[in-house]
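The structure appears below as structure tokens.
As the structure is a computational prediction, the values presented were derived from the model and not from experiment. Residue indices begin at 1 and follow the sequence shown.
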Amino acid sequence: MNEVLNGLSVDKSRNVSHKDYNNLIKLKLDQINNSRNQGKSDEFFYEELVKLINSAKNAIESSELPINQIRF
């Protein structure tokens, strides 16, 4: 999760520490990968991940809050 490829360019003052944001992303990933979704297609998971990425990106880009305070 902590790789350059998953990042967005944000002001350094907003990107100091973001453990809570990381936990939020982990929670949302766990919700996608829950037992109710076992047996669903790869396309389903791909679409859910794209939705999550877009939601996170939109929340970050539409706010001036520090990353750790972003909720969506």
Side-chain angles (χ1 to χ4, degrees):
M1 215 174 359
N2 294 320
E3 295 186 22
V4 173
L5 293 176
N6 77 355
L8 293 171
S9 178
V10 295
D11 188 82
K12 187 175 182 176
S13 66
R14 295 183 61 208
N15 196 24
V16 179
S17 172
H18 46 75
K19 182 182 178 200
D20 293 342
Y21 174 80
N22 289 351
N23 290 338
L24 176 63
I25 295 296
K26 172 81 167 79
L27 173 68
K28 292 183 178 287
L29 288 171
D30 289 344
Q31 289 171 344
I32 292 169
N33 191 37
N34 68 37
S35 59
R36 293 183 316 219
N37 292 330
Q38 287 184 355
K40 298 228 173 147
S41 69
D42 290 344
E43 185 175 332
F44 167 82
F45 288 103
Y46 175 81
E47 290 173 3
E48 291 300 307
L49 290 173
V50 168
K51 286 184 218 175
L52 174 57
I53 291 166
N54 289 335
S55 293
K57 181 178 178 181
N58 185 52
I60 290 168
E61 290 178 340
S62 65
S63 174
E64 295 294 322
L65 291 171
I67 300 302
N68 206 45
Q69 295 178 20
I70 299 289
R71 301 292 177 264
F72 60 98

**Request:** Mind listing the closest non-hydrogen atom pair of I70 and I60 along with its distance?
**Result:** CD1-CA, 4.2 Å

**Asked** Would one find more than 12 heavy atoms of other residues, nucleotides or ligands at under 6.0 Å from atom CD of E61?
**Response** yes

**Item:** Closest heavy-atom pair and its distance - I32, F45
**Value:** O-CE2, 3.4 Å

**Request:** Run the numbers on I25 and L29 for side-chain contact (heavy atoms from CB on, under 4.5 Å), then give the verdict.
**Result:** CA-CA 6 Å; I25 295 296; L29 288 171; 4.0 Å; yes

**Prompt:** Just how far is it from atom CD of Q69 to atom OH of Y21, taken to the nearest 0.5 Å?
**Reply:** 14.0 Å

**Distance, nearest 0.5 Å, that separates OG of S62 from CZ of F72** = 10.5 Å

**Asked** Is there a donor-acceptor contact under 3.5 Å from the side chain of R14 to the main chain of I67?
**Response** no

**Message:** Between N58 (side chain only) and S55 (backbone N and O only), is there a donor and an acceptor less than 3.5 Å apart?
**Reply:** no

**Fill in**
CG (L24) and CG (D20) are apart, to the nearest 0.5 Å, by 9.0 Å

**Spacing of CZ belonging to R71 relative to OG belonging to S63, to within rounding of 0.5 Å** = 10.5 Å

**Item:** Value rounded to 0.5 Å, distance of NZ in K26 from CD in Q31
**Value:** 11.0 Å

**Request:** Could you list the residues that satisfy side chain to side chain donor-acceptor pair (under 3.5 Å) with D42, not counting sequence neighbours?
**Result:** none

**Minimum heavy-atom distance between N68 and S17, given as atom pair plus value** = CB-O, 3.2 Å

**Item:** Residue K57 excluded, over 12 heavy atoms near NZ under 6.0 Å
**Value:** no

